[in-house]
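First comes the structure, then the notes that go with it.
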Protein chains: 2
Amino acid sequence: MAVTALKAQTAERVRGVAATLEEEIVLGWLMPRERLIEEELAERLDVKRHVVREALAELERVGLVERVPNRGAFVKLLDPVEVRQIYLVREALETLAAEQIPLSAPDRLLSQLEKIQGVHSAAVASGDARAAFRANMIFHEALFAACGNPHLVELIQTMAQKVHGARSITAASAEHLALARDEHLGMIEAIKAGDRVRLVALCRKHLGPSRDAYIAAAEARVARSKPVTR
Amino acid sequence: MAVTALKAQTAERVRGVAATLEEEIVLGWLMPRERLIEEELAERLDVKRHVVREALAELERVGLVERVPNRGAFVKLLDPVEVRQIYLVREALETLAAEQIPLSAPDRLLSQLEKIQGVHSAAVASGDARAAFRANMIFHEALFAACGNPHLVELIQTMAQKVHGARSITAASAEHLALARDEHLGMIEAIKAGDRVRLVALCRKHLGPSRDAYIAAAEARVARSKPVTR
DNA sequence: GGCAACAGGATTGTCAACAATTATGTCGAG
DNA sequence: CTCGACATAATTGTTGACAATCCTGTTGCC
């Protein structure tokens, strides 16, 4: 994913690397507990080790990777309790935002959302999980940005990132992707209709599947292997 | 846990520097728009430049400083609109947390809060703004941590940090400190009495003064510098 | 007098070598 | 055969030097 500019300063490259790693985690290409070696990533992503280092620090702050001093970084394995807590907060935040999106929304917002959703639907149709993931993120950002409070949007994104590690199940499932697509379309309809109650309800409902799928999978995993890996 | 060890790894030292800078901003020792020079800070805080660099990056992420590539870092000047938005989110988050604090609270929590508040009250009495600030932060962390959702607590702290730059007015005012102290005591009482409504109301009210003081000051400043927009 | 080009200094950004730490493999003693 | 000490390799952490960039004051030209 070559970046556009010939000269990008470190900060931007760090974000790029972090975003790439994030994607690879969401798509299940990097698995939980997998070790992330700085030099290896530096070579693979064609970037200096220092940049990878900072990117890993950022992902640690977000909660996608774990880092222990002198030992390195790993993809974090989320436990169900944590996931539940995070989704609880997400629900509160997204509800708050959805309640502040101005209905009778500007046409600009609607056409923007429809355009983004077009990309998303196409990705879902062609089974391109990566493209679907990207379009999905853009859709939600655009949707919540309409609430007019950038700090709230930032928080929503932060919390969404936190559970990206728990999404490899749904992010690659055609079934789940199709459901997400339909719900997006429903949100657009709700905005069009000026139906706030329905919009908020949809946002809430939208969070459910990926949370439940992960929790179910995690609990099944725990049941399967008795001893706590340490 | 070793005492402030002779060997602390960079990550911890970064946090330390960031915390120090944060304090100096809150206390008004570093003023908005003031330039923060890496080498200078490195020498003053007895730390390598690289550490200062990372600390500044962290404070930028939080929103306390602004950084432009190749030009350096400045203490960010918050505009009133932003401050209002942030406080709106803070109110929502802290309300959510306060609603989840278990009433009939464990004695452990109460005695902990009372102990912390003892330190805070003492600091207020002796006019030690720095100590008061520290105790204040600890008080709120302990209070909200009781909600049982660490991710929510993290968000609350993040949002609190964002407006630290807007708090130099109240952080050094005896009047405001005394008010904060009384409100803290009120919260403890409310928990003791199992009065959730009162607790939530107090948390809400507690946010008001520093927000209003800053907005008033900022708007006065704007009015002064921009003659007559009638 | 004003303005543009230009040096000089100050500050930030990049890098690669070096040091410190931890994991891994080997060997000998019991 | 198992255990533990030791040597070795792999990886992360730290540092200082160097390069790139930007601000400032100055000079020379119109």
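To find a chain, count down the sequence lines: A is the first, B the second, and so on, and within it residues start at 1.
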Practice problem: Calculate the interatomic distance between A:Q9 atom CD and D:dA19 atom P; express it in whole Å. | Solution: 17 Å
Self-check item: From B:M31 atom CE to B:L77 atom CG, the distance as rounded to the nearest 0.5 Å
Solution: 9.5 Å
Self-check item: Minimum heavy-atom distance between B:L177 and B:A171, given as atom pair plus value
Solution: CD1-O, 3.8 Å
Quiz item: Is the centre of the B:F139 ring less than 6.0 Å from the centre of the B:H184 ring?
Solution: yes
Self-check item: Verdict with supporting geometry, A:K162 and B:E154, salt bridge (charged side-chain N to carboxylate O under 4.0 Å, His left out)
Solution: CA-CA 12 Å; A:K162 276 185 191 289; B:E154 190 188 313; 3.0 Å; yes
Quiz item: A:H151: what forms a ring pair (Phe, Tyr, Trp, His ring centres under 6.0 Å) with it, not counting sequence neighbours?
Solution: none
Quiz prompt | Donor-acceptor pair between A:H164 and A:Q161 side chains, under 3.5 angstrom | solution = no
Practice problem: For salt bridge (charged side-chain N to carboxylate O under 4.0 Å, His left out), just list the numbers for A:R134 and A:E23, CA-CA rounded to whole Å, side-chain angles, deciding distance to a tenth of an Å, and then say yes or no. | Solution: CA-CA 9 Å; A:R134 286 181 179 165; A:E23 258 187 29; 2.5 Å; yes
Practice problem: Please work out which residues in residues 46-70 of chain B have a non-hydrogen atom less than 4.0 Å from an atom of DNA chain C and list them by number. | Solution: B:R49, B:R53, B:R67, B:P69, B:N70
Self-check item: Integer-rounded Å distance: D:dT21 P and B:E38 CD
Solution: 16 Å
Self-check item: Between C1' of C:dT12 and CG of B:L36, the distance in whole Å
Solution: 14 Å
Could you write out each protein N or O paired with an N or O of nucleotides 23-25 of chain C at a distance under 3.5 Å?
residue: C:dA23; atom: OP1; partner: A:R71; partner atom: NE; Å: 2.5
residue: C:dA23; atom: OP1; partner: A:R71; partner atom: NH1; Å: 3.2

Quiz item: Out of A:R53, A:R44, A:K48, which residue meets the salt bridge (Lys or Arg N to Asp or Glu O under 4.0 Å) rule with A:E38?
Solution: A:R53
Exercise. Starting from C1' on C:dT12, measure out to CD on B:E40 and report it in whole angstrom.
Key: 14 Å
